[in-house]
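What follows is one structure encoded as structure tokens, with my remarks underneath.
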Amino acid sequence: EDQVTQSPEALRLQEGESSSLNCSYTVSGLRGLFWYRQDPGKGPEFLFTLYSAGEEKEKERLKATLTKKESFLHITAPKPEDSATYLCAVQAGSDYKLSFGAGTTVTVRA
Amino acid sequence: SQTIHQWPATLVQPVGSPLSLECTVEGTSNPNLYWYRQAAGRGLQLLFYSVGIGQISSEVPQNLSASRPQDRQFILSSKKLLLSDSGFYLCAWSVGSGRRHEQYFGPGTRLTVT
């Protein structure tokens with residue numbers, strides 16, 4: 001069974017204080033690793049897809065990287081509007097299903 | 001561009017009452033469709049997914065059911081709600097073929113069973 005573990009559960013940052021979120025996974029035949037942002041009371045918003053180890057994707061202050069066992073979401077010089085829960089998900093095998101981690105809730109203080 | 005709608009946005013229902021949540025997608029054809037439930041402080045649990053009209057796969061045994069009467073319409077139902085059915089229900093879609101399988105989520109329905 002696919003397993004996705006995110007750490008830490010919660011992260012409190014000062015504005016401008018860069019940090020990283022971790023997503024470790026155990027799957028057979030990774031087809032893709034996905035990062036989402038979720039604001040309270042809303043549906044997750046798609047951020048990135050990573051397909052193979054060594055791949056990196058960037059969007060504004062966010063950068064996602066992938067190794068064979070884990071992915072990192074780096075937040076550079078965060079702003080209060082970066083406060084959200086960040087979800088990681090993996091797709092493996094031959095079907096379309098995603099397995100999600102429990103998420104990391106990031107709070108950025110001004 | 002593609003848009004996904006869910007309604008209602010919030011719902012309060014008594015135990016034992018029926019349920020019907022609707023999801024529609026615009027701007028794409030033959031999408032894969034998904035229903036998830038998200039409990040407070042927990043990750044997303046896949047309930048059902050569909051790769052075409054009338055084709056439904058269930059992931060978790062429960063008193064919920066799903067139907068896909070049209071290509072871009074996905075319905076989540078229950079004949080009798082339980083307290084444990086409370087949660088945030090999310091519908092999602094993905095492209096039906098090709099390499100890109102990222103899922104795009106709707107705004108969600110907050111269900112409270114009392």
Side-chain angles (χ1 to χ4, degrees), chain A residues 1-11 21 23-25 27 29-52 55 57 59 64 66 71 84-107, chain B residues 1-11 21 23 25 30-52 55-60 74 87-112:
Chain A
E1 182 176 327
D2 300 340
Q3 289 192 333
V4 182
T5 303
Q6 292 188 246
S7 61
E9 292 185 9
L11 188 60
L21 285 57
C23 171
S24 63
Y25 60 90
V27 299
L30 179 73
R31 297 184 68 194
L33 186 140
F34 306 82
W35 282 98
Y36 289 84
R37 169 194 170 122
Q38 186 175 24
D39 293 309
K42 297 189 176 181
E45 173 190 351
F46 170 72
L47 293 174
F48 306 109
T49 306
L50 302 168
Y51 291 106
S52 56
E55 189 174 0
K57 293 276 181 72
K59 180 179 181 179
L66 180 65
S71 176
T85 296
Y86 292 86
L87 300 170
C88 168
V90 297
Q91 183 182 46
S94 59
D95 60 35
Y96 303 103
K97 296 180 288 185
L98 298 185
S99 296
F100 280 84
T104 294
T105 299
V106 175
T107 304
Chain B
S1 63
Q2 299 85 12
T3 308
I4 179 168
H5 303 279
Q6 285 186 247
W7 63 89
T10 60
L11 191 60
L21 303 181
C23 169
V25 181
N30 195 30
N32 295 331
L33 297 173
Y34 312 82
W35 278 113
Y36 289 87
R37 178 170 57 206
Q38 186 175 34
R42 299 181 64 180
L44 277 68
Q45 178 187 34
L46 180 63
L47 302 175
F48 301 94
Y49 72 97
S50 171
V51 298
Q55 302 178 61
I56 309 294
S57 296
S58 174
E59 290 296 300
V60 181
F74 206 20
F88 192 46
Y89 287 82
L90 290 157
C91 180
W93 72 274
S94 68
V95 173
S97 61
R99 187 185 185 193
R100 295 184 60 185
H101 290 160
E102 60 267 17
Q103 296 178 13
Y104 298 91
F105 287 83
T109 295
R110 174 73 60 189
L111 172 65
T112 303

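Proteins get letters first, then strands, A, B, ... in listed order; numbering begins at 1 in each.
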Using non-hydrogen atoms and a 4.5 Å limit, figure out which bit of B:L46 sits close to chain A: side chain, backbone, both or neither.
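For B:L46, the contact with chain A is made by the side chain alone.
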Chain A contact via B:Q38 - side chain, backbone, both or neither, heavy atoms under 4.5 Å:
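Just the side chain, heavy atoms under 4.5 Å.
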Counting only pairs under 3.5 Å, give me each side-chain donor-acceptor contact of residues 3-10 of chain A, with atom names and distances, residues two or more places apart or in other chains.
residue	atom	partner	partner atom	Å
A:Q6	OE1	A:C88	N	2.9
A:Q6	OE1	A:G103	N	3.0
A:Q6	NE2	A:Y86	O	2.9

For A:F48, is it the side chain, the backbone, both or neither that has a heavy atom under 4.5 Å from a heavy atom of chain B?
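Contact with chain B: none, neither part.
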Please state whether the side chain, the backbone, both or neither of A:L98 comes within less than 4.5 Å of a heavy atom of chain B.
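Both parts, backbone and side chain.
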Can you confirm if the aromatic rings of B:Y34 and B:F105 lie within a centre distance of less than 6.0 Å?
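No, the ring of B:F105 stays outside the 6.0 Å limit from the ring of B:Y34, centre to centre.
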Centre-to-centre under 6.0 Å for B:F48 and B:F74, is that the case here?
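No, the ring of B:F48 stays outside the 6.0 Å limit from the ring of B:F74, centre to centre.
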All salt bridge (charged side-chain N to carboxylate O under 4.0 Å, His left out) counterparts of A:K42, not counting sequence neighbours
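By the salt bridge (charged side-chain N to carboxylate O under 4.0 Å, His left out) rule, A:K42 matches no residue at all.
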